[in-house]
**Q** 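Let me begin by handing over the structure; questions about it come next.
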Amino acid sequence: MMLGHAGADVTVYERHGDVGGRSSAIEADGYRFDIGPTFFLYPQILRALFERCGLDLDREVTFRRLDDLYDLSFEDGPSLRLSRDPESLHCEISKIDPVDASAVPDFLAENRRKFAAFSPVLQRPFNGLRDVFRGDMLKALPLLRPRRSVDRDLARHFRNPRTRLAFSFQSKYLGMSPYRCPSLFTILSFMEHEFGIFHPIGGTKAVMDAMMRAARRFGVTFQFDTPIRSLHLERGRARGVVTDRGMEPADAVVMNADFARAMTKLTPDSARKRWTDRNLARKKYSCSTFMMYLGLEGPPPDRGHHTIFLSSDYDRNFADIEAGRILSDRASLYVQNACVTDPTQAPPGHSTLYVLMPVGNLREGGLAWNDATRDAARRIALARLKDAGFGDVESRIRFEKIVTPADWESDFDVHRGAVFNLAHNLGQMLHYRPHNRFEDIPGVYLVGGGTHPGSGLPVIFEGARISSDLLIDDLSPRPVRQDRPSFSPKRYPAHDIA
Ligand SMILES: Cc1cc2nc3c(=O)[nH]c(=O)nc-3n(C[C@H](O)[C@H](O)[C@H](O)COP(=O)(O)OP(=O)(O)OC[C@H]3O[C@@H](n4cnc5c(N)ncnc54)[C@H](O)[C@@H]3O)c2cc1C
């Protein structure tokens, strides 16, 4: 969308028959499910990208801000309904610990400062070590507390481990445990409380469709069912892509495929100096997920739009996920009950449930995802759904689709099924993450969860902006305008496409 708007001739090669990847939808028997992302945070970034292209995101997609953020259900109590309203939030957190409830405003105020300090850092590229020591980074550093985990940092505010969980389970959005996730990411729960959680009507795919429509207006063409088989390199530089039809030449290649998977499958090891196969094998990856997409007869269960159900043995559950060797029978769950907000997701008189159970990623010596594992995981997920207060769901199931870590790898091209990509430990962030202007292969620009700033939709959109600007800057005829990078001549002025 951004490159097309800047005047580039862009072709998107997509392995599947539609856009979206992990953010696509499953549509069957009148039911529609988000495949992956369901928590839509901070649409401001996307709004700004549309504006930059002369478009109005809110004319393309209807975002509903949820009144309540989510239901947070601890297995052995209490059950909370968290919202952005300060009084209600105080009341709910008091059910865990009244002293902690009084500390919430301080936690939010501190994270407001942290968010403001880190936003500029997350909005620019890290092309080299020099970028680590720039002014914005040095200003933010005192708030970084690099040796602390999210949980330990929260302990400065909250004494009760459950309160800490209420503000740290969001580390799972990065596929990490709050005991390992760097303290920077306390900003995730802050962002939910500060800005809210949104549901795009029609599901997350509606946003992907809006981007495709926008891109098409700028002349971008989409080639579906066209897997890239390899990158075409000439003297180490990317000069195109190879599909089943042959080589398609290009001045630059933007790579959105899962980073580690694309590196190991689409480029020769010898072409990479830093991100060799050996180095990739040593990296840390996020957890994976076991998914159930259920079409139910009857109305949606009497629960909120989002429910997080936390195991009474969450320490062991986190450890089991990290080790990836067994299925935890005391698993935690996340459940999306989208029809309470958006009845268009199911036929009249029916509803949908999206059930996510975090599990270990694929690794040597790890759990083998065969039919028996799949059946065991299904049994556990359905039992935990009952424990989480969703009643007898099984007898109402009229449609069911299961996705396992092995499916994430084979059907969605996700390395080790680690759906949240390279882990976000500090050794794999900023300068240490694969660079937006890919350092190993000139002519390649990375987008998606495997590059800076990281995984999760808002930062992925931000990363797309960073990579587009680098590409536009690199390929624009000199001298480059400083106020706004642009190819020249620009083919689609904003007023032509409104
Ligand atoms: C279950 C789940 C829940 C999640 N929940 C949230 C959430 O609530 N909020 C949030 O912000 N994030 C969430 N995420 C994370 C978010 O989905 C991902 O970070 C994001 O979608 C990844 O986007 P991407 O562009 O990096 O990769 P993808 O979406 O996987 O895009 C890669 C694209 O490249 C295509 N491709 C791959 N290989 C080839 C090839 N060789 N040739 C042609 N095309 C190819 C793929 O088909 C795909 O379309 C969730 C993820 C999952 C899986």
Side-chain angles (χ1 to χ4, degrees), residues 11-26 33-43 45-46 70 170 172-175 188 191-192 197-200 203-205 207-208 211-212 222-231 241-244 248 253-267 286-293 305-306 308 334-336 338 354-359 361 403-405 407-415 417-422 424 434 446-451 453-464 467:
T11 305
V12 176
Y13 298 93
E14 167 56 53
R15 175 201 153 167
H16 286 131
D18 202 351
V19 288
R22 274 165 262 192
S23 304
S24 192
I26 294 168
F33 305 88
D34 289 329
I35 289 180
T38 55
F39 276 61
F40 210 95
L41 301 180
Y42 209 59
I45 293 181
L46 198 55
Y70 31 75
Q170 294 79 359
K172 271 277 159 272
Y173 302 168
L174 302 173
L188 288 177
M191 284 173 75
E192 294 175 350
I197 295 177
F198 297 82
H199 173 77
T204 302
K205 171 76 170 13
V207 178
M208 306 299 139
M211 282 193 275
M212 175 167 63
F222 287 79
Q223 305 237 353
F224 291 116
D225 300 307
T226 310
I228 303 283
R229 300 298 182 194
S230 63
L231 250 60
V241 292
V242 178
T243 69
D244 292 340
E248 316 269 354
V253 176
V254 177
M255 185 127 89
N256 187 190
D258 185 81
F259 176 70
R261 178 86 169 170
M263 284 302 129
T264 50
K265 301 282 173 210
L266 308 183
T267 70
S286 80
C287 72
S288 187
T289 59
F290 172 82
M291 309 293 303
M292 292 181 74
Y293 307 92
H305 185 108
H306 299 298
I308 289 98
Y334 156 66
V335 187
Q336 187 206 31
Y354 156 130
V355 183
L356 181 161
M357 186 163 83
V359 293
N361 60 32
V403 173
T404 70
D407 300 326
W408 285 123
E409 186 167 72
S410 61
D411 299 351
F412 291 86
D413 277 302
V414 178
H415 186 67
V419 289
F420 308 98
N421 225 298
L422 280 164
H424 290 71
L446 301 177
V447 290
T451 186
S455 179
L457 293 184
V459 286
I460 284 178
F461 296 143
E462 193 61 67
S467 298

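Order of appearance sets the numbers: ligands from 1, and atoms from 1 within every ligand. Counting begins at 1 with the first residue of the sequence.
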**Q** When you compare the side chain of Leu457 with that of Ser23, does any pair of heavy atoms fall below 4.5 Å?
**A** yes
**Q** I want to check something: taking the side chain as every heavy atom from C-beta on, are Thr289 and Trp408 in contact at a cut-off of under 4.5 Å?
**A** yes
**Q** Using 30° and 60° as the class limits, which term best fits the ring planes of Phe461 and Phe40: parallel, tilted or perpendicular?
**A** tilted
**Q** Classify the ring geometry between Tyr70 and Phe39 as parallel (under 30°), tilted (30 to 60°) or perpendicular (over 60°).
**A** tilted
**Q** Treating Asn361 as the side-chain partner and Ser286 as the backbone partner, does any N or O pair qualify as donor plus acceptor under 3.5 Å?
**A** yes
**Q** So which protein residues pack against ligand 1 under 4.0 Å, heavy atoms counted?
**A** Tyr13, Glu14, Arg15, His16, Gly20, Gly21, Arg22, Ser23, Gly36, Pro37, Thr38, Phe39, Thr226, Pro227, Ile228, Asn256, Ala257, Leu266, Thr289, Met291, Tyr354, Leu356, Trp408, Asp413, Val419, Phe420, Gly448, Gly449, Ser455, Gly456, Leu457, Pro458, Ile460
**Q** Check the pair Lys205, Asp18 against salt bridge (charged side-chain N to carboxylate O under 4.0 Å, His left out), reporting the backbone distance first and the verdict last.
**A** CA-CA 10 Å; Lys205 171 76 170 13; Asp18 202 351; 2.8 Å; yes
